[in-house]
Amino acid sequence: MENQHYPFVNLPLPYAYNALEPFLDEKTMHLHHDRHLQTYIDNLNGILEKEPGLQTLSLEQLIQIADRLPENLGTSLRNNAGGVYNHRFFFNGMAPATEGKPSGELLARLQRRFGSWEDFREDFKKAALSVFGSGYAWLVDGPRGLRIVTTPNQNSPIAWSLRPILTIDVWEHAYYLKHYNLRADYIDDWFALVNWEQAQERAAH
């Protein structure tokens with residue numbers, strides 16, 4: 001992923017705004033990418049403009065040190081650097097016309113860890129539904145192997161030294177225009193968009 005250091009810019013989506021139809025609508029993708037993500041980028045650049053000592057750090061490093069900074073600065077950095085990282089990860093983790101299911105080593109690992117592909121999908125959906133208010137559900141890799149975790153707001157599991165494999169954004173602005181308040185329907189549609197080839201690459205590194 002490019003543009004990992006200050007000043008940050010809003011990178012274009014890796015597909016057309018309408019490419020995820022009918023599962024995610026074009027207007028939502030415009031608003032989510034061009035306005036919501038842009039706001040986090042603008043806020044992050046504004047923070048770093050006043051903190052030259054942080055400008056050489058990568059996006060991941062900014063998230064990882066947020067808890068060690070003074071509270072106000074750390075909270076702002078966690079929210080806005082996390083907002084940039086999480087949104088980029090979410091957008092880049094989707095693709096039009098995917099196979100809808102992993103294959104190869106990632107599928108084998110999911111089956112070993114969760115029992116079956118269907119069990120993983122059910123557990124992931126439950127986790128995404130369990131997020132109170134706004135946040136994310138993630139498949140991550142780490143010392144304990146593959147795990148499903150959730151984070152509130154714009155927190156990210158890279159702050160815990162976990163490696164994200166895939167994520168779903170369950171803030172209402174990610175789905176409300178098409179799915180209204182039906183988060184479960186949105187999750188089902190999202191599974192049709194997961195870029196499993198990229199998830200396999202992430203899991204292999």
Side-chain angles (χ1 to χ4, degrees), residues 1-4 8-41 59-60 82-104 106-107 109-110 117 120-129 131 134-141 146 148-151 154-158 162-180 182-205:
M1 191 186 300
E2 299 175 358
N3 187 224
Q4 290 299 303
F8 293 94
V9 297
N10 200 352
L11 302 172
L13 291 170
Y15 38 76
Y17 288 97
N18 64 354
L20 305 184
E21 297 268 11
F23 304 104
L24 277 179
D25 60 288
E26 180 178 0
K27 186 172 184 180
T28 292
M29 295 304 296
H30 270 290
L31 293 171
H32 200 174
H33 177 270
D34 296 357
R35 297 193 186 182
H36 289 280
L37 174 52
Q38 186 66 56
T39 297
Y40 287 112
I41 288 172
L59 188 59
E60 291 193 16
V84 177
Y85 178 90
N86 294 351
H87 277 100
R88 286 178 171 182
F89 198 93
F90 170 67
F91 290 138
N92 291 336
M94 296 186 291
T98 70
E99 296 181 4
K101 183 177 180 179
S103 60
L106 179 56
L107 177 60
R109 292 184 66 193
L110 290 171
W117 157 247
F120 161 72
R121 179 171 170 146
E122 181 179 349
D123 288 351
F124 194 89
K125 182 175 181 178
K126 286 180 180 177
L129 287 171
V131 176
S134 301
Y136 295 77
W138 306 77
L139 175 68
V140 300
D141 203 359
L146 294 178
I148 296 169
V149 300
T150 63
T151 56
Q154 294 297 348
N155 290 19
S156 173
I158 64 171
L162 297 171
R163 184 168 76 253
I165 307 301
L166 60 88
T167 191
I168 183 171
D169 182 342
V170 292
W171 286 62
E172 282 195 338
H173 64 244
Y175 62 89
Y176 199 86
L177 292 181
K178 178 177 177 63
H179 297 89
Y180 304 107
L182 303 177
R183 186 187 288 185
D185 291 355
Y186 160 64
I187 297 167
D188 289 338
D189 279 350
W190 171 82
F191 267 107
L193 299 172
V194 175
N195 186 340
W196 288 109
E197 182 178 348
Q198 185 181 83
Q200 173 71 59
E201 292 175 2
R202 290 167 169 169
H205 292 150

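Heavy atoms only: backbone and side chains are in, while hydrogens, waters and symmetry mates are out.
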Measure the shortest side-chain to side-chain distance between [X] and [Y] over non-hydrogen atoms and say whether it is less than 4.5 angstrom.
{"X": "Phe23", "Y": "Phe191", "result": "no"}
{"X": "His179", "Y": "Arg183", "result": "no"}
{"X": "Ser156", "Y": "Thr151", "result": "no"}
{"X": "Phe120", "Y": "Ile148", "result": "yes"}
{"X": "His87", "Y": "His32", "result": "yes"}
{"X": "Leu110", "Y": "Leu146", "result": "yes"}
{"X": "Leu24", "Y": "Met29", "result": "yes"}
{"X": "Val170", "Y": "Thr150", "result": "no"}

Query - Residues, nucleotides or ligands: over 12 heavy atoms within 6.0 Å of Glu26 CD - result: yes

Query - side-chain hydrogen bond (donor to acceptor under 3.5 Å, both in side chains) between Asp34 and Tyr17, intermediate numbers included - result: CA-CA 10 Å; Asp34 296 357; Tyr17 288 97; 2.7 Å; yes

Is the backbone N or O of [Y] less than 3.5 Å from a side-chain atom of [X], with the two atoms forming a donor-acceptor pair by type?
{"X": "Lys178", "Y": "Pro22", "value": "yes"}
{"X": "Gln198", "Y": "Asn92", "value": "yes"}
{"X": "Asn195", "Y": "Ala95", "value": "no"}

Query - Phe89 side, atom CZ; Met94 side, atom CE - distance, nearest 0.5 Å - result: 12.0 Å

Query raised in the report: Given Lys125, which of Asp185, Asp188, Asp189 fulfils the salt bridge (charged side-chain N to carboxylate O under 4.0 Å, His left out) condition?
Result: Asp188

Report task. Identify whether NZ of Lys or CZ of Arg in Arg88 sits under 6.0 Å from the centre of the six-membered ring of Phe8 and within 45° of that ring's axis. Result -> no

Report task. Show your working on side chain to side chain contact (heavy atoms under 4.5 Å, CB included) between Tyr176 and Tyr186 and close with a plain yes or no. Result -> CA-CA 9 Å; Tyr176 199 86; Tyr186 160 64; over 6 Å; no

Query raised in the report: Checking ring pair (Phe, Tyr, Trp, His ring centres under 6.0 Å) against Trp190, which of Tyr175, Tyr136, Phe124 comes through?
Result: Phe124

Minimum-distance pair of heavy atoms, taken over all atoms of [X] and [Y]:
{"X": "Pro157", "Y": "Val149", "result": "CB-CG2, 4.3 Å"}
{"X": "Pro164", "Y": "Val140", "result": "CA-CG1, 4.0 Å"}
{"X": "Asn155", "Y": "Asn86", "result": "O-ND2, 3.1 Å"}

Report summary line: Asp141 meets the side-chain hydrogen bond (donor to acceptor under 3.5 Å, both in side chains) criterion, sequence neighbours left out, with Arg109, Arg163

Report task. Please lay out, stage by stage, how Lys101 and Leu107 fare under the test side chain to side chain contact (heavy atoms under 4.5 Å, CB included). Result -> CA-CA 8 Å; Lys101 183 177 180 179; Leu107 177 60; 4.3 Å; yes

**Report entry** Option passing side-chain contact (heavy atoms from CB on, under 4.5 Å) with Leu139 (candidates Leu166, Val194, Thr167, Ile168)
**Finding:** Leu166

